[in-house]
Novice: 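Just passing along the structure, written as structure tokens.
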2 protein chains.
Amino acid sequence: MMQNPNSSLYALRKSIISNLIDTSTMTNSGKITKLKKGDLVFKECDEFHYIYILLSGSIKTFTTINSGTEKITCFYYQDDIVGFSGIDTGRYPVSAKALEASSVFRIRFNDIEKLTDKHPNLQNNMLRLMSRQIHENQNLLSLLGKTQSEKKVASFLFNIYIQSCHSSTFTTLKLPMSRRDIGNYLGITEETVSRSITKLSQNNLIAISGKKFNIVDKMKLVELIDGHPV
Amino acid sequence: MMQNPNSSLYALRKSIISNLIDTSTMTNSGKITKLKKGDLVFKECDEFHYIYILLSGSIKTFTTINSGTEKITCFYYQDDIVGFSGIDTGRYPVSAKALEASSVFRIRFNDIEKLTDKHPNLQNNMLRLMSRQIHENQNLLSLLGKTQSEKKVASFLFNIYIQSCHSSTFTTLKLPMSRRDIGNYLGITEETVSRSITKLSQNNLIAISGKKFNIVDKMKLVELIDGHPV
DNA sequence: CGTGTCCTTGAGTGTCTTCAACGATAGTGG
DNA sequence: CCACTATCGTTGAAGACACTCAAGGACACG
């Protein structure tokens, strides 16, 4: 079908987003919200009515475990669609919080179902996008399962590189979340994340300074993570 | 919406399955296949045309990593629907293999799209089911991330108990996969799985003998896994 | 009944975590 | 604009935990 899975993902997203925005302007239900760092988009257990297109910035979703500690389930970047997982039960199973200044476009989910006549591909495209998310999660499971910390961190960074859709290896990328958040997500401690980053940097696979990094040796990095780009 | 997420899942599945089977008999595309232990349902990279309802038995899906080792991504039990993740790219991203004697009902995916007139809820229900799978995967991520091995194994067993939909704690459950498969899935070694099981058994949280087990102390088990039933 | 796989248990090693300290960074109020 | 303070990030040392390697018993299959 499509040769490059990432360019196809990009096109799929763009198609869905343009359909959704078109839909919402017709029904007058769309709304852009500006978020500051730390603002909540929705809370766990809120009733599910909307899905959100992330126009700029970044968002994390997390659940709160009994003991009160949060467990991060996903990071979202520009052009991602957030809120899917509420479809099934009618309530969001996670909270969504802005990692930095961001903006989201809100769409009422019911409107999507109504307008299948006008956009016959929309529902099918949403199915495809969700199918992809399942697939991506399974890759992540694969990663979190095996391997040591350094591979997890390498894979995490490489994934951000992939998602950014930049062609050049030398583009500087941003790490909007804290080391603690990365550790939380990957199931390792903050300290281990830091040590892994230091090691990757010392071995010249990446270059990193604070929240900015870039991939120095893409081949070695891919080799290290054994073809698991998350 | 629905109070009990599991009974709603059960109803959702049943509704989808009955719609699918109805659809396939109309188009004459349905087919039941009997599988022996070790038989493949589909292979990684096969073209995606069908999804499969698991009528009886159990199936594992896995990817083959560069080095040739397999990584298990999911286990499926009776009434599960297998093959979703192929929707997006047009090829299955995983292989599916029977863990024991099983039978599956095969349905051509294109037929589902065609018959949205007759079954207007079908596509939406499929969206819901996929939404749930995303949610479940995120729970699993949460599990694999943190916690120690004993919690992973406890959670894995508890999940099988939940999925079986039995009301009684004392029902004997079957573990169709090997310890090695469990370890592969949970990201720990076979030996650690075995040691964890022994420990859980010694502490009277479960009772286990070979491939049969039951939950002895449900409350303690839930407490151990900190409300993470995968 | 034999053979291969599965399961369990043990001992030693390596990795990650924990606890602790300190420097760097960023956000806040004067 | 600068000083202040809280959080973030890094590094070290000691301990806990899971892994590796190894061996032997249990089980299932032909």
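Naming: A, B, ... by sequence-line order, numbering from 1 per chain. What you see is a predicted model, and the numbers here were worked out from it, not measured in a lab.
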Novice: In whole Å, what is the span from the CD1 atom of B:Ile208 to the C1' atom of C:dC6?
Specialist: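 Checked: the CD1 to C1' distance equals 13 Å.
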Novice: B:Arg179 has a side chain; which of C:dC16, D:dT11, C:dC7 sits nearest to it?
Specialist: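 Selected nucleotide (nearest to the side chain): C:dC7.
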Novice: To the nearest 0.5 Å, what is the distance between CD (A:Glu44) and OG1 (A:Thr63)?
Specialist: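 It comes to 5.5 Å.
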Novice: Could you check how far CD of B:Glu191 sits from C1' of C:dC7, rounded to whole Å?
Specialist: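 It is 10 Å, rounded to the nearest whole Å.
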Novice: Give the rounded distance in Å between these two atoms: CD of B:Gln148 and C1' of C:dT15.
Specialist: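 So the CD-C1' distance, B:Gln148 to C:dT15, works out to 16 Å.
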Novice: Identify which nucleotide among C:dC16, C:dT8, D:dC8 has an atom closest to any side-chain atom of B:Glu190, counting heavy atoms from C-beta outward.
Specialist: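 The listed nucleotide nearest to B:Glu190's side chain is C:dT8.
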Novice: Identify the heavy atoms of A:Phe48 and A:Gly83 that sit nearest to each other, and give their distance.
Specialist: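 Closest approach of A:Phe48 to A:Gly83: CE1-O, 3.4 Å.
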Novice: Could you tell me how far apart B:Lys152 (NZ) and D:dC17 (P) are, to the nearest whole angstrom?
Specialist: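 Going from B:Lys152 (NZ) to D:dC17 (P), I get 14 Å.
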Novice: As a test of reading the structure: which of D:dC19, C:dT9, D:dC17 is closest to the side chain of B:Thr198, going by heavy atoms?
Specialist: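 Nucleotide nearest to B:Thr198's side chain: C:dT9.
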Novice: Return the value, rounded to whole Å, for the distance between atom CD1 of A:Ile197 and atom P of D:dC8.
Specialist: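 After rounding, the gap between these two atoms is 15 Å.
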Novice: Taking the side chain of B:Arg195 as its heavy atoms from C-beta onward, which of C:dT9, D:dG9, C:dC6 lies nearest to it?
Specialist: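 Nearest to the side chain of B:Arg195 among the choices is C:dT9.
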Novice: In this structure, how many angstroms lie between the C1' atom of C:dC6 and the CG atom of B:Asn184, rounded?
Specialist: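 Atom-to-atom, B:Asn184 to C:dC6, this comes out as 15 Å.
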Novice: Checking all strands, does A:Ile188 fall into the base, sugar-phosphate, or nothing category for heavy-atom contacts under 4.0 angstrom?
Specialist: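 Counting heavy atoms under 4.0 Å across all strands, the contact made by A:Ile188 is with sugar-phosphate only.
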Novice: Could you check how far NZ of B:Lys212 sits from C1' of D:dC27, rounded to whole Å?
Specialist: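 In whole Å, D:dC27 C1' and B:Lys212 NZ are 14 Å from each other.
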Novice: If I take atom CG in residue A:Asp181 and atom P in nucleotide D:dG9, what distance separates them, rounded to the nearest angstrom?
Specialist: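 Between P of D:dG9 and CG of A:Asp181: 9 Å.
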Novice: Here's a test of your reading of the structure: between A:Thr192 and A:Arg180, which maps to the more 5' nucleotide of DNA chain D?
Specialist: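 The residue closer to the strand's 5' end, by nearest nucleotide, is A:Arg180.
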Novice: If you check every side-chain atom of A:Ser149, which of C:dC6, C:dC16, D:dT10 has the closest atom?
Specialist: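 Nearest listed nucleotide: C:dC16.
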Novice: If you count every heavy atom of other residues, nucleotides or ligands that lies below 6.0 Å from B:Lys211 atom NZ, does the total exceed 12?
Specialist: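 Atom NZ in B:Lys211 is crowded, with more than 12 foreign heavy atoms closer than 6.0 Å.
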Novice: Salt bridge or not for B:Arg179 and B:Glu190, using N-O below 4.0 Å?
Specialist: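 No, no charged N to carboxylate O under 4.0 Å.
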Novice: Using only side-chain N and O atoms of B:Thr189, determine if any of them is under 4.0 Å from OP1 or OP2 of D:dC19.
Specialist: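 Answer yes for this pair, as a side-chain N or O of B:Thr189 is under 4.0 Å from OP1 or OP2.
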Novice: Where the side chain of B:Ser178 is concerned, which of D:dC8, C:dT9, C:dC6 is the nearest nucleotide?
Specialist: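 The answer is C:dC6.
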Novice: Does OP1 or OP2 of D:dC8 have a side-chain N or O of A:Lys211 closer than 4.0 Å?
Specialist: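 Indeed not, no polar side-chain atom of A:Lys211 lies that close.
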Novice: With distance as the sole criterion, is a donor-acceptor pair present between the side chains of B:Arg106 and B:Tyr52 under 3.5 Å?
Specialist: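 No pair is found: no donor N or O on one side chain lies under 3.5 Å from an acceptor on the other.
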